Structure formats: C-alpha cells, structure tokens
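Before any comments, here is the structure.
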Amino acid sequence: MSAGLPPVSPPESEVELLARARALAGRTLGAVAGEHGVSAPPDLRRAKGFVGTLVERALGATAGSRAEPDFPALGVECKTLPVDARGVPCESTFVCTIALETMAGAEWEGSVVQRKLAKVLWVPVEGDRRLEVARRRLGEPLLWSPSSAEEAELRHDWEELSGLIGRGGVEQVRGELGRALQVRPKAAGSWSRRRALDAEGAFFATLPRGFYLRATFTARVLQAHYHLPGAAGAR
DNA sequence: TTGTGATCATCT
DNA sequence: AGATGATCACAA
C-alpha cells in the first residue's frame, strides 16, 4: 500500500479511537481502502501487512515502524485479527521481535511484550482466504487489557521462554513451547541471521525470532468479550 | 538492514 | 484441520 490521500489525524482520546474503530465495523476493506486512496490487493500473499496498515491509517495511527505503541499518546497498540465465520482467529498474532542478546536479566515488568500487550485495540476482520480481500468486512473492535489471569499466563510463558533464551538456549526454543505466548522465526527468509549468545556467553548467528500470541489465546480473549456461537454446535 | 505490519505453505 | 516454521512488503 503506497502513498494514498492525506493522513488521518491521531485520535485524542480512547473514546475517539474507539468511536473511529466502531465506525469501521461492518465495512469492507475495499471501501475503506478507497476512502484513503489505496486499492486492495487480490490476495495477501504479497501484501501480508495490508490489512493492518490500512486499519492503522484509517484510525490515524502514527505511520512508520517504530518500537512504540501505534497510538503513543494513548498507550494503545492496534492489532487486526483475522477470524473465521465463527469468530475464531485464523492466525497467531505477532507481538514483537526478540532482542536475543539482552534477554538475560530481563524482567516481565517493563518488558516489550508486557508493554505492548498492556492495552490493545483488537480489530477483527474476515480472514477466509477464499474471500476476495476487498470484500472482507471489518468487525466490532475491542479495547482490551489482560485480566490478571491472562497476564499471569503471559508472564509465565514469557519467563520460561526469555529465561531459556537468556541462558543461551535460543536454539532449544521451538514453537511448541508456551501456552499463550510462543517464539517463532521472524525473518525475511531462513538465511536471515541475528547475533545471539550461546550457553557459554559467546556470540553466534541465528535466525531472528519473535514473540507471538497463539490463536488459541486470542480466541479465548474474543470469547470472553463477545457473544459468539459455541464452537461445539456449529459446523 | 532492522522492526512493524502480518499471512503463507507445509507438515503432522 | 491446526500448528509450526518460512516468508513478503514497506518505512526509517
């Protein structure tokens, strides 16, 4: 998605942000894109970030890729979440890249993951790959902060995973680890390399990794806040 | 080149 | 079918 029409000014309050997000609910990506002078791609294979970037633009997020919340003044992170017809997330949610060299001694409080997930604006969007991107509709947004139980869960996983990485065990970390939070590659390709520390404290090059929220975790978040059809009955 | 926006493409 | 590991575009 390039250039486009004049940018939207940042929302001045949570109320305003939520109002803007609610105004998008039910609308198609094609319609929203048109209003901002961009066009929807036929599919997302070569435009994986299209939906997220479009929604941020529509909501007035400060453009660019920076290591701060999408709405710095509000401390809110915006995440689009592809869901199926039942409202169940189709994909995991990327949280942040992992600073492999500095995980040793890091603490949950103040960590990038803790700060990014402290307040999230979830924007569901139809994620059925068979649906033309321009026809996919946006859903009702949810301004969410982790419950104490959710935060405890996230913290538990984060401490296990970051501890392993901090002790030089990044190569031992697989996607299978973690109930809510997991570590997976985050790279342009399998040839990408980032500096990390091994168990002896020596540098070595390894695949860049990122923290992701499992789809099963975000499914529970949505279930707790929306009135969704029971997964058991439908088919 | 790196971080943010994520989804794709296989494998089990 | 669901999850893991791989991958794509863009801005700064």
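Since we're looking at a predicted model, the values are computed, not measured. Heavy atoms only: backbone and side chains are in, while hydrogens, waters and symmetry mates are out. Residue numbering restarts at 1 for every chain, and letters A, B, ... go by the order of the sequence lines.
For the pair A/Phe94 CZ and B/dG3 P, the computed distance is 9 Å after rounding to whole Å. B/dG5 atom P lies 18 Å from atom NE2 of A/His36, rounded to whole Å. The separation between A/Phe211 atom CZ and B/dA6 atom P is 18 Å, rounded to whole Å. Computed from coordinates, the A/Glu56 CD to C/dA9 C1' distance equals 14 Å when rounded to whole Å. As a whole-Å value, the separation of A/Leu29 CG from B/dG5 P is 17 Å. Remark: C1' of C/dG2 and CZ of A/Arg86 are 11 Å apart, rounded to the nearest angstrom. Atom CZ in A/Arg136 sits roughly 10 Å away from atom C1' in B/dT7 (whole-Å rounding). Here B/dG3 presents its P atom at 15 Å from NZ of A/Lys79, a figure rounded to the nearest Å.
Between A/Thr80 and B/dG5 there is no side-chain polar atom (N or O) within less than 4.0 angstrom of OP1 or OP2. Here A/Arg46 reaches the OP1 or OP2 of C/dA9: one of its side-chain N or O atoms lies under 4.0 Å away. Under 4.0 angstrom from either OP1 or OP2 of B/dC8 there lies at least one side-chain N or O belonging to A/Arg129. Close to B/dT4, at under 4.0 Å from its OP1 or OP2, lies a side-chain N or O of A/Thr97.
Between A/His36 and A/Val8 the shortest heavy-atom distance is CE1-CG2, 3.5 Å. Closest approach of A/Pro42 and A/Val133 over heavy atoms only: O-CG2, 3.7 Å.
Applying the ring-ring contact (aromatic ring centres under 6.0 Å, His included) test to every pair with at least one member in residues 70-102 of chain A, sequence neighbours left out, gives these pairs: A/Phe94-A/Tyr212.
Checking A/Trp144 against A/Glu77 by side-chain atom types alone, no donor-acceptor pair falls below 3.5 Å.
Look at A/Arg209 and A/Glu171 and you find a salt bridge, because one of the NZ, NE, NH1 or NH2 atoms lies within 4.0 Å of a carboxylate O, short of that distance. A/Glu132 has no carboxylate O lying under 4.0 Å from a charged side-chain N of A/Arg136, or vice versa, which leaves the two without a salt bridge.
For A/Val95 and A/Asp43, each mapped to the nucleotide of DNA chain B holding its nearest heavy atom, the one lying further toward the 5' end belongs to A/Val95.
Nucleic acid contact for A/Glu68: none, since no nucleic acid atom lies under 4.0 Å from a heavy atom of the residue. Using a 4.0 Å heavy-atom distance criterion, A/Pro208 is classed as making no nucleic acid contact.
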Is there any protein nitrogen or oxygen under 3.5 Å from a nitrogen or oxygen in nucleotides 3-6 of chain C, and what are the pairs?
unit_1 : atom_1 : unit_2   : atom_2 : d
C/dT4  : OP1    : A/Gly175 : O      : 3.0
C/dT4  : OP1    : A/Arg214 : NH1    : 3.0
C/dT4  : OP1    : A/Arg214 : NH2    : 3.0
C/dT4  : OP2    : A/Gln182 : NE2    : 2.9
C/dT4  : OP2    : A/Arg214 : NH1    : 2.8
C/dG5  : OP1    : A/Arg174 : NH1    : 2.9
C/dG5  : OP2    : A/Gly175 : N      : 2.6
C/dG5  : N7     : A/Arg184 : NE     : 2.7
C/dG5  : O6     : A/Arg184 : NH2    : 2.9

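For A/Trp191, the side-chain atoms get nearest to C/dT7 when compared with the rest of C/dT7, B/dT2, B/dC8.
Contact of the A/Leu228 side chain with the A/Arg86 side chain is not registered, since no non-hydrogen atoms from C-beta on lie closer than 4.5 Å.
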